[in-house]
Amino acid sequence: MLRVSTEEKLKKCITGACKMVLVKSIRMGDTVLVTGGTGYIGSHTVVELQQKGYEVIIIDNLSNSYENVVDSIEKITGIRPGFEQIDLCDKLSLDDFFNKHQNITSAIHFAALKAVGESVEKPLLYYYNNITGLINLLICMIKYKVNNLVFSSSCTVYGQPEILPVSEKSPVLKPLSPYGNTKQIAEEIITDTSGKSKIKGILLRYFNPIGAHSSALIGELPIGVPNNLVPFITQTAIGKRECLNVFGNDYNTPDGTCIRDYIHVVDIAKAHVIALERLLSEKNESGIEIFNLGTGKGNSVLEIINTYQKVTCNKLNYRIVPRRPGDIEKIYADTALANNVLGWKAEKTLEDMILSAWNWELSLLNN
Ligand code: NAD
Ligand code: UFG
């Protein structure tokens, strides 16, 4: 049924009824479930999947995103993805969903709560949502024979590594937050489940995704006060926030501020399509594979601020305040495995990332 609907959607595009995008081939039968697909990274991934010809169905409970993201995805790609508002913790609704959509062959699982600080305040909320949601998803995947899973993990699993850059072989250290712990536990749950089922998984450990789609139709839209650096910078610059607090300049780094590996969200999104294709074409070398997604380059907080000021010619109001509890000093990725085995490489520059984030912030002025 869904195959027909894809053809209809494409026909609509070809007759020019909606904004056209070239879809070279439709991968019949490869319907991909994207959980958390109206969220920040999920929405960019849905765009990349659709532009590669995949049929996509999103599940999201809209706890941290808006349904109109589906409209924006349609504007960019010319194709409206399927969408159902479902909470992954609602086992019965999830089962109904899978029962209804038996042509799903793979899942990309983004849906989770992700604010590190909030997870320290509300650990049970994080363990309940992130772990229950994953378990319910895996139960349905086994029951309905959906055997391919790409999972959003995080470089938080490395804690503060002793050796940099950090590779997939580096030790997984005790997490500094319940959020980080949900990622470690989730990796273990998926690995154990894969060992006892037909599920094959690729666990992608993201470093710091920033930026927005070049259309400025989708981007990061945190609800409430942003926790992350780049949305705080753009919201300060536009006047929504008075001043950016830089958390500490007494770290053991060249300018004293923390170092991270910032990576464009579109590069991250493209890695998901490559990971999915690796699973679908059975090129994976083991039941579970893990890849770092970063650029391999570390930048300090002050370097990010300076890049913002350079690419936008705007001055940013900021001040140095004490360290934020739980922050690690520096981390950046060894990307050799992702480059050589996954066949993926980050392409966009820091300037691209910051400028696209700024264009997205500007576009929100009109909404
Ligand atoms: P996001 O909050 O923008 O997207 C997550 C989406 O999942 C939201 O739309 C939310 O409504 C939905 N969701 C949450 N719980 C749900 C549930 N129980 N049922 C259904 N939907 C639910 O976050 P994001 O930045 O796009 O992150 C996506 C994934 O990547 C998350 O798993 C996150 O932990 C992981 N990650 C993010 C970062 C980052 O810096 N953004 C870094 C590393 C890993
Ligand atoms: N920072 C500030 N001021 C702010 C916000 C952040 O100085 O207002 C600093 C932080 O102290 C840190 C750096 O900017 O040194 C980056 O902080 P973010 O909050 O943007 O990112 P984190 O590295 O703390 O964490 C992010 C996500 C996590 C994810 C992790 C690794 O929030 O969910 O990247 O991928 F797990």
Side-chain angles (χ1 to χ4, degrees), residues 34-45 58-67 69 84-90 93-94 108-119 125-126 128-134 136-137 151-158 175-177 179-180 182-183 186 204-210 218-223 225-233 235-236 241 243-249 251 253 257-263 265 268-269 272 292-294 299-302 304-305 318-331 333:
V34 179
T35 75
T38 45
Y40 174 46
I41 308 171
S43 56
H44 288 80
T45 302
I58 295 170
I59 286 183
D60 202 297
N61 66 358
L62 303 180
S63 59
N64 198 35
S65 58
Y66 301 92
E67 191 172 347
V69 169
E84 294 205 22
Q85 184 174 351
I86 292 174
D87 191 324
L88 289 176
C89 297
D90 178 351
S93 300
L94 193 62
I108 305 185
H109 181 44
F110 293 101
L113 296 172
K114 62 158 183 176
V116 176
E118 186 187 50
S119 78
L125 175 68
Y126 273 68
Y128 180 74
N129 188 71
N130 294 3
I131 303 301
T132 312
L134 171 66
N136 287 345
L137 177 67
F151 175 69
S152 300
S153 191
S154 162
C155 70
T156 49
V157 301
Y158 297 118
L176 295 176
S177 68
Y179 165 76
T182 67
K183 292 298 173 193
L204 298 176
R205 291 179 178 162
Y206 317 154
F207 282 65
N208 284 56
I210 59 169
I218 54 173
E220 189 169 11
L221 191 51
I223 293 179
V225 181
N227 289 295
N228 296 114
L229 178 63
V230 171
F232 210 107
I233 289 178
Q235 290 197 10
T236 305
R241 316 269 155 218
C243 182
L244 169 75
N245 289 328
V246 173
F247 297 129
N249 67 349
Y251 286 97
T253 60
T257 63
C258 291
I259 290 178
R260 297 285 183 276
D261 184 338
Y262 295 93
I263 172 158
V265 66
I268 292 257
H272 289 74
N292 283 343
L293 296 185
N299 285 105
S300 72
V301 176
L302 289 181
I304 298 298
I305 293 172
Y318 69 90
R319 63 181 167 221
I320 309 292
V321 300
R323 292 180 177 197
R324 181 172 72 175
D327 268 345
I328 54 172
E329 187 167 87
K330 51 183 172 237
I331 189 163

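Each residue takes its place number in the sequence, starting with 1. Just so you know, ligand 1 is whichever comes first in the structure, and atom 1 is the first atom listed for that ligand.
- Polar contact with ligand 2: absent for Val230 (N/O pair, distance under 3.5 Å).
- Here's the thing with Val116: none of its N/O atoms is less than 3.5 angstrom from an N/O atom of ligand 2.
- Only the side chain of Asn129 comes within contact range of ligand 1, with a heavy atom under 4.0 Å; no backbone atom does.
- Of all protein heavy atoms, the one lying nearest to atom 12 (C) of ligand 1 is Asp60 OD1, 3.3 Å.
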With side-chain hydrogen bond (donor to acceptor under 3.5 Å, both in side chains) as the test, would you mind laying out the steps for Tyr40 and Asn228 before giving the verdict?
CA-CA 13 Å; Tyr40 174 46; Asn228 296 114; over 6 Å; no

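- Atoms of ligand 2 lying under 4.0 Å from at least one heavy atom of Cys258, given by number and element, are 15 (O).
- Counting heavy atoms closer than 4.0 Å to ligand 1, residue Ser153 contributes backbone atoms (N, CA, C, O) but none from C-beta onward.
- Taking every non-hydrogen atom of Asn227 and a distance limit under 4.0 Å, the qualifying atoms of ligand 2 come out as 5 (C), 19 (O).
- The protein atom (non-hydrogen) at minimum distance from atom 28 (C) of ligand 1 is Phe110 O, 3.7 Å.
- Taking a 4.0 Å cut-off on heavy atoms, Tyr318 fails to register as neighbouring ligand 2.
- For Ile259, the side-chain contact (heavy atoms from CB on, under 4.5 Å) partners are Thr253, Pro254, Ser300, Lys330, Tyr332, not counting sequence neighbours.
- When each atom of ligand 1 is checked for a heavy atom of Ser152 under 4.0 Å away, the hits are 29 (C), 30 (O), 32 (O), 35 (C).
- Residue-level proximity to ligand 2 for Arg260 is carried by the side chain, the only part with a heavy atom below 4.0 angstrom.
- The main-chain N or O of Cys89 is found under 3.5 Å from a side-chain atom of Asp87 such that the two form a donor-acceptor pair.
- Residue contacts with ligand 1 for Leu62 involve N, CA, C or O but no side-chain atom from C-beta outward (heavy atoms, distance under 4.0 Å).
- Here the shortest heavy-atom distance to atom 25 (O) of ligand 2, taken over Asn208, Val246, Ile305, belongs to Asn208.
- Of all protein heavy atoms, the one closest to atom 17 (C) of ligand 1 is Asn61 ND2, 3.3 Å.
- By the criterion of a heavy-atom distance under 4.0 Å, neither the backbone nor the side chain of Glu220 is placed next to ligand 1.
- For ligand 2, the atoms sitting less than 4.0 Å from at least one non-hydrogen atom of Val301 are 7 (O), 9 (C), 13 (C), 14 (O), 15 (O), numbered in the order shown with element in parentheses.
- At the top of the distance list for atom 30 (O) of ligand 1, counting protein heavy atoms only, stands Tyr206 CE1, 3.3 Å.
- Contacts between Asp327 and ligand 2, counted as non-hydrogen atom pairs separated by less than 4.0 Å, involve the side chain only.
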